[in-house]
Amino acid sequence: MEYLNQLNQSQRMAVEATEGPVMVIAGAGSGKTKVLTNRIAHIINKGVDPFNILALTFTNKAAKEMKGRIEKIINSTESRNIWMGTFHSVFAKILRSEAEKIGYPNNFTIYDTQDAKNLIKAILKEQGLDDKIYKPSLVLNRISAAKNNLISPLAYLNDTTVQNEDTQSAKPKLGLIYQIYCDRCFKAGAMDFDDLLYKTNVLLRDYPKVLEKYQNQFKYILVDEYQDTNFSQYLIIRKLGAANLNICVVGDDSQSIYAFRGANIQNIFNFKNDYSNVKTFKLEQNYRSTQNIVNAANSLIKHNKEKIDKTVFTNNEIGNKIKIYRAGSDNDEGNTIANLIFDTQLTNQAKNHEFAILYRTNAQSRAMEEALRKKNIPYKIHGGLSFYQRKEVKDLLAYFRLVINPKDDEALLRIINYPARGIGDTTLEKIVSVANNHNLSNWEIISNLNKYNVGLNSGTQSKIGDFVLLISGFSNLLQTKNAYDLAHEIAATSGLLKDLYSDRTPEGISRYENIQELLNGIKEFTEEENELEEDITPHGLPEFLQNVALLTDADNEKEEDHNKVSLMTIHASKGLEFPYVYIVGLEENLFPSQLSITNRKDLEEERRLFYVAITRAEKELVFSFASSRYKWGNVTFCEPSRFIDEVDKDFLEFMYSNSTEKQTNNEFEFSRNKYFSKSKEINFSNSKQIKEQTPLQTPQQILPKNLKKIAPSAGISLPMTTELVSGMRISHEKFGNGVIEELEDGKATINFDAAGKKVLLLKFAKLTILN
DNA sequence: GTATTATCTAAGTCT
DNA sequence: TAGATAATAC
């Protein structure tokens with residue numbers, strides 16, 4: 001029980017109160033993860049089987065890290081048996097084993113947002129509805145909100161309030177679209193993200209035996225980031241915890257930033273009323289940040305009316321004031337930040353990974369990326385368009401999906417004519433219409449063409465027949481081939497590899513490489529099986545796919561990304577911390593977002609978002625804003641964010657002449673150069689020197705444009721590859737030492753002492769030269 | 001039915 | 001700016 005002595009008093013109390021309902025209000029940086037991990041360890045040490053613990057985290061990565069920490073505390077690998085993960089991944093797992101009960105196959109597909117939107121578009125077309133009025137993203141939001149509040153299509157149609165809302169907004173058919181959408185998903189054996197929670201609720205509601213089983217299983221339940229749970233999640237917890245009532249929720253109302261996806265901050269406010277004899281613990285001491293940062297954050301959040309009373313304080317050093325920079329334009333802002341990072345690295349001997357640039361919207365990353373690239377500062381983008389959303393990757397994944405679940409209509413439509421097979425739009429329209437009339441999936445039609453009168457000529461029929469044979473041929477291999485072999489077979493035989501290979505433009509090459517990377521990833525996944533003797537879960541293609549669907553970018557981090565500056569949205573930064581933090585784009589209509597400034601509730605959420613951003617910083621914090629910014633392709637002028645004014649001036653240091661602020665804003669249009677020169681007044685001792693050192697064309701600059709954007713990491717680590725020659729002895733983190741036998745095309749064939757011959761992509765392989 | 005080009009229009013945050 | 005869609009030519 002040595003670990004208990006490492007905790008402060010309130011932390012320790014929260015850890016030791018293992019029985020009954022417990023709420024932990026944890027201020028930013030107050031050791032929330034420490035409490036969670038120690039609490040779970042403590043429960044296990046008291047004799048509880050880890051299989052009886054359910055812990056819901058915000059990302060799968062957080063779960064993995066926590067398991068590691070618990071393993072250290074309890075000094076046993078038993079920690080791996082804890083049911084720990086995101087709501088979505090844990091309940092997807094449970095749904096897979098219980099799927100037949102609610103009429104789904106256990107190999108059900110998970111539709112991502114794009115699949116869902118495509119389906120909605122198709123429904124709109126069939127119903128003759130205008131997609132300018134019924135914007136797919138809006139429709140999907142509405143459906144998502146309904147599901148998160150557990151409103152079924154039928155309830156939706158029968159709810160007069162909801163119907164009035166839709167009539168008012170001139171979208172009376174939303175209920176009908178919702179209904180059709182659900183039917184289509186069902187017949188495709190598919191669930192969207194919200195279904196994973198919604199269907200779990202259905203399962204627990206309609207099958208008391210199942211509910212009982214999991215109630216008995218999960219004797220202890222812990223929920224991290226409780227302030228960001230929605231009604232659907234709330235109810236799952238309530239039901240599962242009802243038998244034992246050992247429910248511990250941890251959160252911080254000041255960090256609730258997911259209302260847009262249905263999170264209900266009231267869940268945390270109401271916890272005391274939902275359960276009797278709730279023990280509440282407040283963690284108020286911040287161990288992360290300097291006094292200046294903590295106090296600045298407090299002074300900001302004071303402006304919110306709705307919050308739980310608490311006083312976050314720190315005994316850390318006072319630290320520097322928050323510096324505020326003004327830039328002339330978005331590009332100028334990027335350069336300013338890149339220069340600051342460069343200088344800070346030199347003066348403080350700081351590593352790249354100690355820096356983070358946080359922004360409100362993904363679109364802001366570009367200016368930052370360009371500036372960092374110019375200064376040769378390695379960076380990684382966290383979030384944004386993830387690898388798995390790239391077209392070519394989705395295409396191959398769609399083949400996998402269809403092979404595993406042929407009813408998956410969205411996957412089928414995506415690839416039936418890619419690569420081109422002469423099955424065009426007209427043919428597909430016929431098939432889809434027959435499928436809808438019979439309430440069957442498209443696959444059921446095309447695999448039984450003679451049974452249904454689709455009205456196709458014999459040429460088209462035989463093309464479709466070939467496609468059916470192709471897919472069912474792969475399906476037959478599911479039992480015999482491992483994930484990698486089957487994946488490779490599919491990529492090759494489908495013609496996808498060949499199609500990508502034939503495109504020798506830089507973009508085409510990068511697409512081909514992305515497929516190679518995907519296949520490499522599957523290979524690694526396949527080989528994991530042999531590495532852990534006790535790991536008995538099969539590692540076939542279905543298992544790989546299930547893994548992939550719910551991966552967040554955070555779960556995907558590559559080893560070679562370790563020492564890089566992090567770029568991410570503030571939402572993605574939740575739960576993370578960095579010594580040096582730059583919050584950029586602090587402008588009205590951007591942060592706070594234009595869409596949020598019309599009502600208090602939304603504005604308060606934006607303010608909490610800013611609070612989250614500020615509290616990521618440990619040592620130093622910088623704010624910046626630009627006076628002009630490209631939006632929709634043209635320049636717009638911006639005013640500094642109101643949030644800057646809301647932070648107490650005692651903690652701020654303006655790095656530009658603040659006294660003329662008001663006038664200069666108005667003057668701006670007429671004196672643009674003035675501001676450009678102003679930002680140059682900042683003295684970057686080393687920037688000039690570096691510019692001259694930097695070669696005109698660095699390796700990353702000749703990379704294909706889209707690769708740079710999607711996988712910036714790919715470019716930055718390149719220089720190393722030039723140092724490699726065959727015959728060289730190298731070391732690889734996973735495979736150990738070996739000799740390079742062949743170097744070609746960005747790939748290396750390496751003969752490892754222990755692991756044997758492997759072909760690795762240099763771009764991704766982390767090799768250390770031995771000598 | 002396919003491939004190429006021209007035009008449109010959309011950018012808020014995420015599982 | 002870029003991805004999606006429409007229009008055009010083959």
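Remember, it's a predicted structure, so these values are computed and weren't measured experimentally. Below, chain A is the first sequence line, B the second, and so on; all start at residue 1.
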Note to self: Under 4.0 Å, heavy atoms only, any strand: does A:Asn417 hit a base, just the sugar-phosphate, or nothing?
What the structure shows: sugar-phosphate
Note to self: Categorize A:Tyr630 for me: base, sugar-phosphate, or nothing, with a 4.0 angstrom heavy-atom threshold over every strand shown.
What the structure shows: nothing
Checklist line | Polar side-chain contact A:Arg360-B:dT13 base: donor and acceptor under 3.5 Å | finding: yes
Check: After noting the C-alpha distance and the side-chain angles of A:His303 and A:Phe643, does the key distance pass the ring pair (Phe, Tyr, Trp, His ring centres under 6.0 Å) rule?
Finding: CA-CA 10 Å; A:His303 291 84; A:Phe643 290 156; 9.0 Å; no
Check: How about A:Asp252 and A:Tyr226: does a side-chain donor come under 3.5 Å of a side-chain acceptor?
Finding: no
Checklist line | Criterion ring pair (Phe, Tyr, Trp, His ring centres under 6.0 Å) against A:Phe623, the qualifying member of A:Phe610, A:Tyr582, A:Tyr359 | finding: A:Phe610
Next item on the list: Under 4.0 Å between any heavy atoms, over every strand shown, what does A:Lys117 touch: base, sugar-phosphate, or nothing? Just pick one.
Entry: nothing
Notebook entry, point to check: Under the 5.5 Å and 30° test, is A:Phe260 stacked on the base of B:dC14?
Noted result: no
Margin query: Categorize A:Ser596 for me: base, sugar-phosphate, or nothing, with a 4.0 angstrom heavy-atom threshold over every strand shown.
Written below: nothing
Notebook entry, point to check: Are A:Gln266 and A:Glu306 close enough that a side-chain donor and a side-chain acceptor fall under 3.5 Å?
Noted result: yes
Item checked: Nearest-nucleotide pick for A:Thr113, side chain only, options being B:dC14, B:dG12, B:dT15 -> B:dT15
Margin query: If you only use heavy atoms from C-beta on, which nucleotide in B:dC14, B:dG12, B:dT15 is closest to the side chain of A:Thr361?
Written below: B:dG12
Next item on the list: Record whether the side chain of A:Glu606 comes under 3.5 Å of the base of B:dG12 through a donor-acceptor pair of N or O atoms.
Entry: yes
Notebook entry, point to check: For B:dC14, does either OP1 or OP2 sit under 4.0 Å from a side-chain N or O belonging to A:Thr569?
Noted result: yes
Notebook entry, point to check: Within the structure shown, what part of the strands sits under 4.0 Å from A:Thr427 by heavy-atom distance: base, sugar-phosphate, or nothing?
Noted result: sugar-phosphate
